[in-house]
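Here is the structure we will look at, set down as structure tokens.
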Number of protein chains: 2
Amino acid sequence: MTDSRASRHDSRTEAIMKAALDVALEVGYARLSIEAVATRAGVGKHTVYRRWCSRGLLFLDAVLSLNTEGLSHPDTGDVVADLRETMTKAVKLLAHPPWGPLYRALIGEAQHDPEVAAALNRRFIEPQTADTLARLKAAKEQGEIAPDFDLDLAFDILSGPLYYRLLITQQPVTDDYIDSVLRAVFAGMSPRSRPVRRRS
Amino acid sequence: MTDSRASRHDSRTEAIMKAALDVALEVGYARLSIEAVATRAGVGKHTVYRRWCSRGLLFLDAVLSLNTEGLSHPDTGDVVADLRETMTKAVKLLAHPPWGPLYRALIGEAQHDPEVAAALNRRFIEPQTADTLARLKAAKEQGEIAPDFDLDLAFDILSGPLYYRLLITQQPVTDDYIDSVLRAVFAGMSPRSRPVRRRS
DNA sequence: TCAATACGGCACGTGCCGTGCCGCTAGGGT
DNA sequence: ACCCTAGCGGCACGGCACGTGCCGTATTGA
């Protein structure tokens, strides 16, 4: 096998990311040290520093390695139902233990480290956004969304409240809340708006 | 004067908060150390630790000490115009240098330190929210907002997109963006909604 | 067999942590 | 006018994690 070297290399990499997640879950990201991660992984510090140039980027890789499966959007013809399903799945992953605290810590780190912020956007936020935008575009073409509605803005308005709850007020993001956001955003705040169809 | 002792105490406190802001603006909150703050303030480390039990709480006090004047809502009878004015003012304060990076760092710290998160909510987020909710309530009573619209939710939907831009994508929050959010949220995403009045 | 590469282990200097201790000074009590 | 005391600045300490050298080793590919 010509890739023995590479596979050894990869196994170390995975061991380090696994150890980083373990330590972060135990003591919190704020108290996560490279030393502790290296020790936990049974690895020298050099082996960590050779792969990641900062604690934040290591943590980013570790958290994103949990990307079990993508959050691709179904298309049943009912955009509200499809959005609800995807948002519920995403929130279940990202806003609840054990991953909720880790994801929050990752976004927190992004506020201090521009590299982490850029990488988080490029590798997680943008792909997820593109996927949702595609679904919204299809909905607009089928007349489920007003033709002059800016879809990038629509994404912000749908995601923003969830992140606001996750990061600022830190109230739980329940299925009911997702439902309320969807209804409210589709219906609009003005009186006499056309109501959106309720959950069947 | 019987409060000389208290005034001496307060002058130290203010000097430390001022020094914390200076250092944070120079090297960033991530590299802000108590030692540097104490030195900058011409103060012993004890004098800092006696007042704040963590770096995050000191930073919170320092940033909130910039609360020049409250962001109270005007009531001209046009809720969209009033919200636009307040949101524009808030964004101008909180999303632009020099305070933008500091506010982002504060929210970032809140992701790691529950005490900071709780204090930030209690001392800044909740009062601001209450103020906006009062204005929204008045608008609902005057028929500018649909009578069955949850106003707490309305606040989340209006604020969320701004925070999403500030914290996640880190795109600039422009006046046009605020305008777009207001129009979109009032009109709703569904087709054939009653359009909200445009800026005069 | 041999050179090369990546590795684990160890040690180092540095910076900051949080906490003692010491001597001083400015105010307040009498 | 006296001292008493709380709060202070300065200093030093042990501890921890940083990031980086160095060394000996094991596994790999020539």
Side-chain angles (χ1 to χ4, degrees), chain A residues 1-62 105 108-109 112-116, chain B residues 1-62 105 108-109 112-116:
Chain A
M1 15 171 151
T2 160
D3 58 347
S4 298
R5 268 199 147 75
S7 78
R8 276 175 54 82
H9 189 276
D10 291 350
S11 79
R12 310 281 172 175
T13 302
E14 284 168 27
I16 293 168
M17 294 193 299
K18 175 71 164 56
L21 289 177
D22 288 348
V23 175
L25 284 171
E26 283 178 19
V27 304
Y29 173 73
R31 278 190 289 276
L32 177 132
S33 70
I34 303 284
E35 301 225 2
V37 171
T39 302
R40 175 72 63 101
V43 144
K45 283 195 284 180
H46 282 290
T47 309
V48 179
Y49 284 114
R50 199 174 294 125
R51 288 164 172 73
W52 293 278
C53 56
S54 79
R55 189 178 71 130
L57 291 177
L58 160 60
F59 188 60
L60 175 78
D61 271 355
E109 179 66 21
H112 305 307
D113 185 339
E115 282 193 50
V116 171
Chain B
M1 15 173 148
T2 161
D3 57 349
S4 297
R5 271 198 143 75
S7 77
R8 276 175 55 82
H9 189 276
D10 291 351
S11 78
R12 309 281 172 174
T13 303
E14 285 168 26
I16 293 168
M17 294 194 297
K18 176 73 165 53
L21 289 176
D22 288 348
V23 175
L25 283 171
E26 284 177 20
V27 306
Y29 173 74
R31 279 190 288 275
L32 177 132
S33 68
I34 302 285
E35 301 227 0
V37 171
T39 302
R40 176 71 63 102
V43 144
K45 282 195 285 180
H46 281 290
T47 310
V48 179
Y49 284 113
R50 200 174 295 124
R51 287 164 171 74
W52 294 278
C53 57
S54 78
R55 189 178 70 130
L57 291 177
L58 160 59
F59 188 60
L60 174 78
D61 271 354
E109 180 66 21
H112 306 307
D113 185 339
E115 283 192 48
V116 172

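Per chain, numbering begins at 1; letters A, B, ... match sequence-line order.
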In whole angstrom, give the distance that lies between atom [atom1] of [X] and atom [atom2] of [N].
X	N	atom1	atom2	result
A:Asp10	C:dA6	CG	P	13 Å
B:Glu35	D:dG10	CD	C1'	12 Å
B:Trp52	C:dG18	CH2	P	14 Å
B:Arg40	D:dG9	CZ	P	16 Å
B:Ile16	D:dC8	CD1	C1'	11 Å
A:Leu32	D:dA17	CG	P	11 Å

Report yes if the side chains of B:Arg12 and B:Arg50 come closer than 4.5 Å at any heavy-atom pair, otherwise no.
->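 They are not in side-chain contact.
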[N] OP1/OP2 closer than 4.0 Å to side-chain N/O of [X]:
X	N	answer
A:Arg51	C:dC7	yes
A:Arg50	C:dA6	no
A:Ser33	D:dC16	no
B:Arg12	D:dG9	yes

Looking at the side chain of B:Tyr49, which of C:dT19, D:dC18, D:dC8 is the nearest nucleotide?
->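 Nearest listed nucleotide: C:dT19.
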Measure distances between side-chain N and O atoms of B:His46 and base N and O atoms of C:dG18, and say whether any donor-acceptor pair falls under 3.5 Å.
->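 Donor-acceptor pair under 3.5 Å: no.
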Does the base of D:dG9 carry an N or O that pairs as donor and acceptor with the side chain of B:Lys45 under 3.5 Å?
->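 By the distance-only test, no, there is no pair.
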Is there a donor-acceptor contact under 3.5 Å linking the side chains of B:Thr13 and B:Arg51?
->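 Present: a donor and an acceptor within the cut-off.
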Point-to-point distance, once rounded to the nearest 0.5 Å, from CG of B:Leu32 to CG of B:Leu58 |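 Between B:Leu32 CG and B:Leu58 CG, I get 7.0 Å after rounding to 0.5 Å.
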Measuring from A:Phe59:CZ to A:Glu109:CD, what's the distance to the nearest 0.5 Å?
->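 Between atom CZ of A:Phe59 and atom CD of A:Glu109 there are 8.5 Å.
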